[in-house]
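Both backbone and side-chain heavy atoms feed into the values below; hydrogens, waters and symmetry mates do not.
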Amino acid sequence: GPRTVANTLGELVEKQQLSEETVRLLRAQFSDLPCALHSWMQVAEYSLEMRQFACVLHLYHTKAYDYLRKIFPLPHPCSLTKQVFYPFVHSECISSWLSNKESAAGFSNDVFLCLQEKVERGEEAYCCCTLMIQDTSLQKQQEWDPQTQRPTGFVDLGAGVLDADEAPLASEAIIIMAVGISIPWTAPLGYFFVNSMTGHLLAQLLRHAINKLNNIGVRVLAVTSGATACGTETARALGIRIEPERIQCTFRHPPGSAHSIAYCFDIWQALQLIRNALQCFQKMEGLSDTVQWQHVVELAALQEQRVLEPCSPKSGRLGSKDSYHLKVNLATLLFSEGVADALEHLQELGLASFQNCSGTVKFVRLISHLCEVFHGRGSYRRGLKGPLLAGNYTKISHLFNEAQSFFVTLTDSRGRYIIKSKRKLGFLSFLLNAESFKWLYTNSVCSEGTPSHHLLTYAFSLDPLELFLGALQEACGSSRSPTCTVFQAAYRKLLASYNLAPGSPCSGGGALCNMTSMEVALCRWRDLTLGSIRAQYNPSHGRTPAAEYLCCSGLLLHGSALSNALTDHLLHARSVTCTAGCVAEQLASDLQCEACLASLFESAESRLRCGAVLYVKKSGGVSLPSASVYHITSILEQVLNRYSKVGDSHRKNKLWHLSLEREVFQELVGESSLFPTLTNHLLDGELCVNNHYTILIKEITRCYLNIRTSHAKHLNLKYHCGRHGLKRLKGNHLLLSPPGCCQTSQT
């Protein structure tokens with residue numbers, strides 16, 4: 001009989017070129033499609049159904065599309081994303097079928113137009129970029145769109161909703177973003193509603209995105225995806241090889257051309273896989289060292305204990321009699337220099353649990369150095385943490401070679417190579433990224449005619465896209481997976497305020513997002529901290545209840561500032577110190593930044609810096625705050641004193657709290673001496689107003705105000721105001737001296 005679309009699809013199933021799931025979707029949606037071949041030949045232009053059929057078939061299976069092009073006059077694949085003239089379709093100028101306006105599913109015409117204008121104006125920073133792709137889950141739900149008078153919630157790849165009765169509902173949204181590699185601009189290129197993801201589908205979407213960017217003069221240097229099963233399938237569909245014996249880190253696009261594009265896996269997900277491998281194997285043997293998971297477990301579980309002030313063995317000085325408490329900085333990342341230094345320090349102290357940990361130290365330090373290279377955050381950082389430059393490439397290349405030699409020799413307890421085991425993907429991801437960075441250095445940093453001779457390696461992680469997804473989640477207004485309708489409304493709202501200019505509030509995720517890219521990185525790495533390990537092995541160990549902080553926080557009288565309640569200035573200073581120490585302890589349970597957490601507590605200049613191990617000075621059971629925290633709380637107490645006449649009914653008002661915060665910031669303007677240990681750390685993130693310095697002041701302010709105004713009424717405090725006597729509070733806590741004048745006391 002005559003050849004039809006239906007029986008041709010059946011032939012493709014028999015030849016195993018199309019899955020039955022894809023065929024069911026095509027048959028359900030396109031049952032009204034002209035069946036006879038002559039019907040396709042006689043049309044003056046493609047109908048909506050014909051365009052949808054061509055797009056779905058091409059995205060789901062390229063070979064099947066090429067086969068059908070020999071039978072039906074389907075357009076050339078390039079015409080799906082490019083305006084091009086093809087005489088065999090009756091002089092039709094085929095528009096971009098996968099693109100739309102007004103934030104509908106598909107590629108965003110407005111964003112590509114904005115990029116094109118910047119390129120045409122000669123802004124070289126927009127001539128090169130990296131592409132990243134990520135999915136987010138959707139709630140399966142069919143809804144009615146009153147504007148289009150059609151049902152929504154179905155698969156939509158940019159050519160229209162596939163809303164047949166038997167068509168599946170969408171379960172994921174795929175988002176594609178372009179990111180600048182020399183300055184931090186980001187551009188969400190579009191999204192697609194799908195019911196199932198395959199590596200081939202993601203690869204096809206990436207190819208179309210590359211085509212569209214090439215058409216407007218933007219060159220794609222690299223592609224980044226998640227270090228997942230679908231991510232590896234996408235890489236292989238593009239032509240990437242990820243075998244220990246041979247790693248092919250680039251693919252050519254268009255196929256057969258001279259233009260190559262590097263491929264990277266997200267560094268955070270790769271780290272998760274390496275962590276999982278170490279935890280599952282417990283021990284990994286190198287050529288001369290043993291890496292043991294138990295060492296980091298013991299570090300995370302280390303209980304706070306009183307010690308003498310440590311001193312350097314090289315100095316020849318004995319430890320002083322000042323009382324310090326050894327405390328683990330739980331915000332420290334597992335694979336960091338801080339953990340490596342802490343393990344070495346505890347080994348030097350002679351603790352039995354940390355003997356023979358040199359192999360673990362070597363492994364942690366190697367992964368830490370690799371992460372610094374793969375996640376360089378700013379142009380102002382130096383060494384391995386800085387951008388990829390000609391000046392630091394030799395050191396980086398040696399590091400990559402060391403990692404290659406170390407990873408390929410690691411074995412489990414039975415002598416099997418880790419790099420060939422089922423836990424290999426994390427290590428292979430690091431090796432693939434290393435090869436890609438070598439290629440990028442050779443073909444971008446060092447090549448003539450490139451717009452920039454440095455690369456922000458942070459742009460090759462998924463962090464910029466995660467920042468956008470965080471803003472999208474805020475715009476959706478719920479922590480649950482959104483429906484297609486809610487997702488589209490949030491995306492439209494976000495895109496309306498979007499700005500491609502680097503450093504603008506909307507460039508990194510829109511004006512709706514309250515997080516910086518560094519905050520996003522810290523949130524993503526939350527599961528890789530010592531605190532996450534402690535919680536896993538000791539779930540009952542959590543933060544100290546607020547009541548315990550309050551009971552030891554000094555004279556907190558509800559409705560009265562300390563300066564009104566206390567006439568003894570020394571008593572007042574000690575009470576502020578105690579409360580500031582409680583603020584530091586409370587924030588230490590929440591902060592995810594290692595450097596910021598360490599800056600909360602008082603430290604002596606003579607003590608060693610031991611990474612994840614802190615030596616916190618204590619008195620009366622409360623940690624002494626750093627001078628900066630004490631100074632901020634003193635200013636806060638002065639502000640509270642001025643506002644002490646405000647009635648209780650207004651103290652719960654959010655505007656009242658905001659006005660207090662504003663007053664505090666006005667008092668602190670010009671305070672250049674605050675947190676001197678964070679000077680270099682501030683260069684790790686964006687040079688903007690909302691950096692870790694201001695965030696830390698905000699958190700201290702909010703925590704202190706919360707204690708002083710919300711919880712103080714629950715205290716039942718008894719005190720005696722004597723000039724020389726001890727001032728003892730309920731709960732047997734002594735008042736403390738300010739930082740710098742504290743003398744150790746016993747409870």
Audit row: L346, L326, side-chain contact (heavy atoms from CB on, under 4.5 Å) steps and yes/no: CA-CA 11 Å; L346 295 174; L326 185 149; 4.2 Å; yes
side-chain contact (heavy atoms from CB on, under 4.5 Å), that's the test. Do R423 and M284 meet it? Break it down for me. CA-CA 12 Å; R423 305 291 179 190; M284 296 191 297; over 6 Å; no
With side-chain contact (heavy atoms from CB on, under 4.5 Å) as the criterion, how do S225 and F265 come out once you've worked through the C-alpha distance, each side chain's angles and the decisive distance to 0.1 Å? CA-CA 5 Å; S225 75; F265 283 124; 3.8 Å; yes
Could you tell me the separation between the CG atom of L425 and the CD1 atom of I274, rounded to the nearest 0.5 Å? 9.5 Å
Please answer whether the main-chain N or O of M132 pairs with a side-chain N or O of T224 as donor and acceptor at a distance below 3.5 Å. no
Return the CG to OG1 distance between L440 and T130, rounded to the nearest 0.5 Å. 8.0 Å
Here the pair of heavy atoms bringing I242 nearest to A235 is CD1-CB, 4.1 Å
Taking S599's backbone N and O only, do any of them form a donor-acceptor pair with S626's side chain (distance below 3.5 Å, no angle check)? yes
Tell me if a side-chain donor or acceptor on Q269 pairs with a main-chain N or O of A227 at a distance below 3.5 Å. yes
Does the side chain of I176 come within less than 4.5 Å of I133's, by heavy atoms? yes
Is there a donor-acceptor pair closer than 3.5 Å between any side-chain N or O of Q355 and the backbone N or O of L351? yes
With ring centroids as reference points, do F374 and F400 lie under 6.0 angstrom apart? yes
Is it the case that the side chain of E337 and the backbone of R365 share a donor-acceptor pair, with hydrogens and angles ignored and the cut-off at 3.5 Å? no
Side chains of D463 and H375: does their closest heavy-atom pair fall under 4.5 Å? yes
Using a 3.5 Å distance criterion without hydrogens, assess whether the side chain of S421 forms a donor-acceptor pair with backbone atoms of I418. yes
Measure the CG-CG distance between N329 and L614 for me, rounded to the nearest 0.5 Å. 4.5 Å
So L366 and F335, do their side chains get closer than 4.5 Å, heavy atoms only? no
Test side-chain hydrogen bond (donor to acceptor under 3.5 Å, both in side chains) on Q272 and R275; report intermediate values, then the result. CA-CA 5 Å; Q272 286 274 24; R275 175 198 188 277; 5.0 Å; no
Below 4.5 Å, heavy atoms only, C-beta onward: do C129 and W185 meet side chain to side chain? yes
Could you tell me whether K424 and E243 make a salt bridge, using a distance below 4.0 angstrom between a side-chain N and a carboxylate O? no
What's the separation between atom NZ in K362 and atom OG in S358, rounded to the nearest 0.5 Å? 9.0 Å
Backbone of S260 reached by a side-chain donor or acceptor of W439 within 3.5 Å: no
Would you call K438-E435 a salt bridge at under 4.0 Å N-O? yes
Would you indicate whether the side-chain heavy atoms of L597 and L587 approach each other to under 4.5 Å? no
Indicate the atoms forming the closest heavy-atom contact of C128 with L221, along with that distance. CB-CD1, 4.2 Å
Quick check on the 6.0 Å ring-centre criterion: do F601 and H325 meet it? no
Closest approach of Y263 and G231, non-hydrogen atoms and distance? OH-O, 3.3 Å
Residue pair V583 / E699, side-chain heavy-atom distance below 4.5 Å: no
Between K327 and E585, is there a side-chain N and carboxylate O pair less than 4.0 Å apart? yes
Let me confirm one number: the CD-OG distance from Q282 to S413, rounded to the nearest 0.5 Å. 10.0 Å
S461 to I267 - nearest heavy-atom pair and separation: CB-CG2, 4.0 Å
Could you point out which residue of L206, V223, I240 forms a side chain to side chain contact (heavy atoms under 4.5 Å, CB included) with I261? V223
Where the side chain of R534 meets the backbone of L302, is there a donor-acceptor pair that is under 3.5 Å apart? yes
Indicate the ring-plane relationship of Y615 and H345, choosing parallel, tilted or perpendicular according to the 30° and 60° boundaries. perpendicular
Report yes if the side chains of L370 and V373 come closer than 4.5 Å at any heavy-atom pair, otherwise no. no
Can you tell me if D266 uses its side chain to pair, donor with acceptor, with the backbone of L462 under 3.5 Å? yes
Could you pull out the closest heavy-atom pair between C230 and T198, with the gap in Å? SG-C, 3.9 Å
Strictly by side-chain hydrogen bond (donor to acceptor under 3.5 Å, both in side chains), give each pair with a member in residues 289-302 just once, sequence neighbours left out. E285-T290, W293-Y537, Q294-E298, H295-T360
Given L431, L428, V408, the one that forms side chain to side chain contact (heavy atoms under 4.5 Å, CB included) with P244: L428
Test H259 against R219 for side-chain contact (heavy atoms from CB on, under 4.5 Å), laying out the working first. CA-CA 9 Å; H259 178 52; R219 180 190 175 195; 3.2 Å; yes
Within the supplied structure, the quantity of interest is the number of heavy atoms (other residues, nucleotides, ligands) at a distance under 6.0 Å from N356 CG; does it exceed 12? no
Could you pull out the closest heavy-atom pair between A459 and V179, with the gap in Å? CB-CG1, 3.8 Å
Distance check, rounded to the nearest 0.5 Å: D527 atom CG versus Q536 atom CD? 9.5 Å
Side chains of I181 and F460: closer than 4.5 Å at any heavy-atom pair? yes
